[in-house]
Protein chains: 2
Amino acid sequence: MPSDRTRALILDAAERLYAERGFGDVTLRDIVASAGVNLAAVNYHFGSKDELIAELFVTRGIATNRERLAELKAAELAGGGRADVKAVLRALVGPTLRACLGPETERSTASRFMIRASIESVPPIRRIKNREVDHLRKFAGALHRALPDCDEADIYWGLHFALAMAHQTTRDTERLAKLSEGKCNVDDVEAVIDRIVDAAAMTLTTRTGASTNPARNDAKTMAARRTEKLKG
Amino acid sequence: MPSDRTRALILDAAERLYAERGFGDVTLRDIVASAGVNLAAVNYHFGSKDELIAELFVTRGIATNRERLAELKAAELAGGGRADVKAVLRALVGPTLRACLGPETERSTASRFMIRASIESVPPIRRIKNREVDHLRKFAGALHRALPDCDEADIYWGLHFALAMAHQTTRDTERLAKLSEGKCNVDDVEAVIDRIVDAAAMTLTTRTGASTNPARNDAKTMAARRTEKLKG
DNA sequence: CATAGTTTCATACAACTGTTTGAATTGCAA
DNA sequence: TTGCAATTCAAACAGTTGTATGAAACTATG
């Protein structure tokens, strides 16, 4: 009967430190010091540093995915089996944004850890990450049901853009705040979610012909083209 | 008269290795081996590893910014002193996307290095990065001139989203390709640029009331809210 | 050629990394 | 209690890191 106390202490400390400082700057000695356990405990309980990181990533990843899927299911239920575009996108980006933005005190360490994990591509995580696409495919399916006439590639692009905006917003709040001198309020999380959902939904619902290159031969673009040639 | 040859060899090798593998995985010994110079040369020519990275980042950053500004200037010239929204956005995201995507052989090491630098936040770079906002402010200004009636915060959000989509697209081509099973073609760079520019322009030009939270109390959202409460 | 300054080089250094070891301690069943 | 396994611990290990040293090689000037 293994006593999981030390194990849990290590997991908690590791998650917190990684979330705060990133993988590159945190050593096993930092973790065990913060957890108040012996250095050898990590290798005893997890085998190696990489296995510790992997366990952390798997556990927290499953939790995040469950949240997103629950929100998707709820939206589909409320819509009689079919959720509309914005509801799907909201289920996709909402949980992470809510956990990473908002009042400092309420931010979940788990989500900030996941953001770190998706930024810094450390080997043990890279190996696991491939499963993510299976999870995203469910949202692609839901979007396809909401937009039966939409081109499949456009749906993936919309998904990609939604994640891109959400991701960048969680990890680069600072630049946006500095650039806008505080005019962009990131504390109203639901408003931020609305912005991102609306923007992504627009790329999906508005026919602009972007996928077939419409307005790329106007004067301005050609001028830009010429400029671009110069640098080569 | 200092011979800059060794210096240049080091810079080139470092840029290439950092672009390929990231900062965490590249040691000074990797760099000097790849450059074919002695280990001590780095400290002799640059003082320290951090100063080498900083020099690389400053040099390449200036180059990228110059490209973007040239494209912006050209667009403004062609528009009689005022570039339209899409032209501004294209000047912002075009250079980086063209350099990072497209045929493997043409991708510039410099741009991939800059992407790395913006992903992995290593101390010497973090210190310099603040200057970036001054550069972005010029594009915010151009957008403001193109959209005099647009809310200032909306402009910053649009800029933020454009950079987010461009950034994520350059660094996570793999997931998009895997998710879409090749249906999203990233090789047609200009088409990708169009997509991103169109999407970002839409958030700027389409009045949706997103900034004031319109449709957040419909049935679906409330259901999602309930779900979200459960996790707490 | 000689000499002074610059640049290269092999080598050593100290600090830090993840991991291992073997003894000490603990918890619990017989 | 005794005995045994699970767990903790201090210490050491082997490897890697960035940096420093002092001698050697080079370059150009007088």
Side-chain angles (χ1 to χ4, degrees), chain A residues 1-58 113 116-117 120-128, chain B residues 1-58 113 116-117 120-128:
Chain A
M1 171 81 69
S3 104
D4 286 336
R5 203 177 145 264
T6 307
R7 222 185 125 83
L9 284 173
I10 294 174
L11 282 171
D12 280 357
E15 182 180 52
R16 184 163 32 80
L17 289 179
Y18 283 142
E20 283 171 10
R21 298 198 243 143
F23 295 100
D25 292 346
V26 177
T27 72
L28 281 189
R29 283 171 176 81
D30 293 333
I31 295 173
V32 298
S34 167
V37 304
N38 186 270
L39 174 59
V42 172
N43 289 276
Y44 178 79
H45 285 280
F46 297 93
S48 70
K49 186 194 187 184
D50 279 7
E51 290 174 84
L52 164 63
I53 295 181
E55 166 135 356
L56 221 38
F57 184 67
V58 170
F113 170 84
R116 281 285 185 192
E120 304 173 27
S121 190
V122 47
I125 288 182
R126 216 174 307 159
R127 268 177 249 124
I128 306 171
Chain B
M1 171 81 69
S3 106
D4 286 336
R5 205 176 143 266
T6 307
R7 221 186 125 84
L9 284 174
I10 294 174
L11 282 172
D12 281 357
E15 181 181 53
R16 184 164 30 79
L17 289 179
Y18 283 141
E20 282 170 10
R21 298 198 243 142
F23 296 98
D25 292 346
V26 177
T27 71
L28 281 188
R29 282 170 177 81
D30 292 333
I31 295 173
V32 297
S34 167
V37 303
N38 186 270
L39 174 60
V42 173
N43 288 277
Y44 178 79
H45 285 280
F46 297 92
S48 71
K49 186 193 186 184
D50 280 6
E51 289 174 85
L52 164 62
I53 295 181
E55 167 135 356
L56 221 38
F57 184 68
V58 170
F113 169 84
R116 281 286 185 190
E120 304 173 29
S121 189
V122 47
I125 288 182
R126 214 173 311 158
R127 267 177 249 123
I128 305 171

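Keep in mind that this is a model prediction, so the values were computed, not measured.
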Atom-pair distance (CD1 on I31(A); P on dC16(C)), nearest Å: 17 Å
Taking all non-hydrogen atoms of both residues into account, name the closest pair between V32(A) and L39(A) and its distance. CG1-CA, 3.8 Å
Atom CG of N43(A) and atom P of dT19(C) are separated, to the nearest Å, by 5 Å
Select one nucleotide: of dG18(D), dT19(C), dA10(C), the one nearest the side-chain heavy atoms of N38(B). dA10(C)
Could you tell me how far apart R29(B) (CZ) and dC9(C) (P) are, to the nearest whole angstrom? 15 Å
What integer distance in Å separates Y44(A):OH from dA11(D):C1'? 19 Å
Taking every non-hydrogen atom, the tightest pair across L9(A) and A35(A): O-CB, 3.6 Å
Quick one: is dT8(C) close enough that its OP1 or OP2 comes under 4.0 Å of any side-chain N or O from T6(B)? yes
What nucleotide, of dT17(D), dT20(C), dT19(C), holds the atom closest to the side chain of A40(A)? dT20(C)
The test is salt bridge (charged side-chain N to carboxylate O under 4.0 Å, His left out); show your working for E120(B) and R126(B) and say whether it passes. CA-CA 9 Å; E120(B) 304 173 29; R126(B) 214 173 311 158; over 6 Å; no
If I compare all heavy atoms of D30(B) with all of D25(B), which pair ends up nearest, and what's the gap? OD2-O, 3.7 Å
What is the separation between atom CZ on R5(B) and atom P on dT7(C), rounded to the nearest whole Å? 14 Å
Take the angle between the ring planes of F113(A) and Y18(A) and call it parallel below 30°, perpendicular above 60°, tilted in between. tilted
Distance below 4.0 Å between T27(A) side-chain N/O and dT17(C) OP1 or OP2: yes
Provide, to the nearest angstrom, the distance between the CG atom belonging to D4(B) and the P atom belonging to dT8(C). 10 Å
Using atom CG of L39(A) as one end and atom P of dA23(C) as the other, report the distance to the nearest whole Å. 19 Å
Send over the distance from F23(B) CZ to dT17(D) P, rounded to a whole Å. 17 Å
dA6(D) phosphate, OP1 or OP2: any side-chain N/O from H45(A) under 4.0 angstrom? no
Select base, sugar-phosphate, or nothing to describe what A41(B) touches, counting heavy atoms under 4.0 Å on all strands. nothing
